[in-house]
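Working notes, structure below.
Throughout, residue positions are numbered sequentially from 1 according to the sequence presented. What you see is a predicted model; the values in this text were computed from it and never measured.
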Amino acid sequence: MSDQPQQGGTVRNPVIPGFHPDPSVCRVGDDYYLVCSSFEYFPGIPVFHSRDLVNWTQIGNALDRPSQLRLPRDMPSSGGIYAPTLRHHDDRFWLVVTNVGDGGNMLFTATDPAGPWSDPVRLPGVPGIDPDLAWDENGTCWCTVAGISQVRIDPHTGETLGEPHRLWSGTPGALAPEAPHLYRIGLYWYLLIAEGGTERGHGVSIARGRTPSGPFEPCPANPILTHRGTAHPIQNTGHADLVQAPDGSWCMVLLGVRPRGGTPGWHVLGRETFLAPVEWVDDWPVVGEPSPELPTPAWPLHPSPAAPVRDDFDHAELQPLWISPRERPERLCTTKERSGWLTLRAAGASLDENDAVFVGRRQQHLTCRARTLIDPADGRGGLAVRLDEEHHYEIEAAAGEVTVFARIGSLRAEIASRPLPAGAVVLGVEITPTPSRDARTGPDTLSFGIEEPDGTFSVLAPLDGRHLSTEVAGGFTGRVIGMYAATGTVHFDWFDYEPLPIP
């Protein structure tokens, strides 16, 4: 690990790749902590740690118990957990978030951001989504929400103190003023918001005032960040949070996407967390370009250990990166039944169902490979790439046969199949960019197949990746790659995920 500032070179951006939207960050001494939205997935709200704002390691999930997070079975995909805000105050971490599926706005606390986090304090008097917390010098807690309105709360009880009042609605005529964050920096209180919608029109604007309740004057340079109407490789930039860097300068974390292919461009990894430098001019923030490569910062870097390719399922509990739609009861998903194996028991008959048993991890690289060794026993299950119930591809093993399926909207099709000897088999998918040919070319190709006894990979079906993109499916999430059970009980010995060189 480096303890000296790096000279020259660049660092990668996004700093947290894959489906990690709506970042909120706070600094405590030399440490940084960051959380993201998780929508319909359980456990919810991944928590990351860094010492340099560049290298991040997931240290847990804030909502990892059913008592904290209820995601009803009939809740649609892209419901659930929206836009958390993470703050540190009075030696405690505070996390406020909206559960769109059940419960509205809720507040959680912890002394260690790795957990455990408390059960929720409900905020029934706080309307809307995207809640933010800020404390003034008198200890008053202000909660600001999309819209943009504000109300005082007692964060210990969830009680509102007074009525919500309107603060500022951003640029006149702009769509969806949301994602507010309120800060005291120098002489002013700053109100940072997103506007323009979380698609190609997304942007960041800011206003300032002398008190946390305003009045607020908008920055004359608004929006202070947007890539709308440009050919920039990072699009949909917005939903930002400000933080002071180790050397005293300032940075912004924000979400963005990386569209690929022809027109209109398809992003498949979801909205990712990017970093941008910030300078202050005349008491206004000026945001530098959040490019795919950033100049190496002036402060020391602390690289994280490389993530292991393989998970052997040797631990009693799954690693924090594994997520499942809506719930993950131990009776349906366990590593304790068959030592060194992940055992899944089917509930829904396929990934088309809201109660499908699926355990996956976010796709984090534009080019990658995933494989798993499955023993289908007397059941059916396999390896899938999921966006939601209506958009997923999978390769499924059962006694005597392996089959590739595709679900695209209202259509479900069997794409390919071949006989399979009894016993365990390695299933795999390789995801590679599609060479650009014309304006209709999709972003990538997903090649599903099996690993032969000699180690070669036999492709059964290459599938167009555009159908597993937000531009096709809609919603707010990204691809998740993992294992599932369709009928009976199936076992998985290991799961590999590795990035591949971009050709």
Taking it one step at a time, do Glu498 and Arg310 satisfy salt bridge (Lys or Arg N to Asp or Glu O under 4.0 Å)? CA-CA 8 Å; Glu498 58 183 325; Arg310 176 163 295 185; over 6 Å; no
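Using cut-offs of 30° and 60° on the angle between ring planes, the pair Phe448 and Tyr393 is perpendicular. Ring geometry for Phe313 against Trp322 counts as tilted: the plane angle lies between 30° and 60°, on a 0 to 90° scale.
The line from CD1 of Ile415 to CG of Leu460 is 11.0 Å long, rounded to the nearest 0.5 Å. In this structure, His239 NE2 and Asp130 CG are separated by 5.5 Å, a value rounded to the nearest 0.5 Å. For the atom pair OG of Ser304 and CG of Asp52, the computed distance is 7.5 Å after rounding to the nearest 0.5 Å. For the atom pair CG (Leu53) and NE2 (His302), the distance works out to 10.5 Å, reported to the nearest 0.5 Å. For the atom pair CZ of Arg362 and CZ of Phe19, the computed distance is 5.0 Å after rounding to the nearest 0.5 Å. Distance check, rounded to the nearest 0.5 Å: CG of Asn236 to CZ of Arg200 gives 5.0 Å.
Look at Glu452 and Arg418 and you find a salt bridge, because one of the NZ, NE, NH1 or NH2 atoms lies within 4.0 Å of a carboxylate O, short of that distance. Note on Glu272 versus Arg479: no salt bridge recorded, every NZ/NE/NH1/NH2 to OD/OE distance being 4.0 Å or above. Look at Arg271 and Asp22 and you find a salt bridge, because one of the NZ, NE, NH1 or NH2 atoms lies within 4.0 Å of a carboxylate O, short of that distance. One finds no salt bridge joining Arg260 and Asp444 here, because no Lys/Arg side-chain nitrogen approaches an Asp/Glu carboxylate oxygen to under 4.0 Å. Ion pairing of Glu451 with Arg371 is present here, as a side-chain N (NZ or NE/NH1/NH2) and a carboxylate O approach within less than 4.0 Å. Salt bridge Glu471/Arg466: absent, no basic N to carboxylate O contact under 4.0 Å. Taking the charged nitrogens against the carboxylate oxygens, Arg51 and Asp31 do have a contact shorter than 4.0 Å, which makes a salt bridge. Of the charged side-chain nitrogens involved, none lies within less than 4.0 Å of a carboxylate oxygen, so that Glu40 and Arg70 do not count as a salt-bridged pair.
For an aromatic pair to be called close, the ring centres must be under 6.0 Å apart, and His20 with Phe48 satisfies this.
When all heavy atoms of Thr335 and Glu317 are compared, the pair lying nearest together is OG1-N, 4.2 Å.
Side-chain atoms of Thr403 and Glu396 form no donor-acceptor pair, as typed in the model, at a separation below 3.5 Å.
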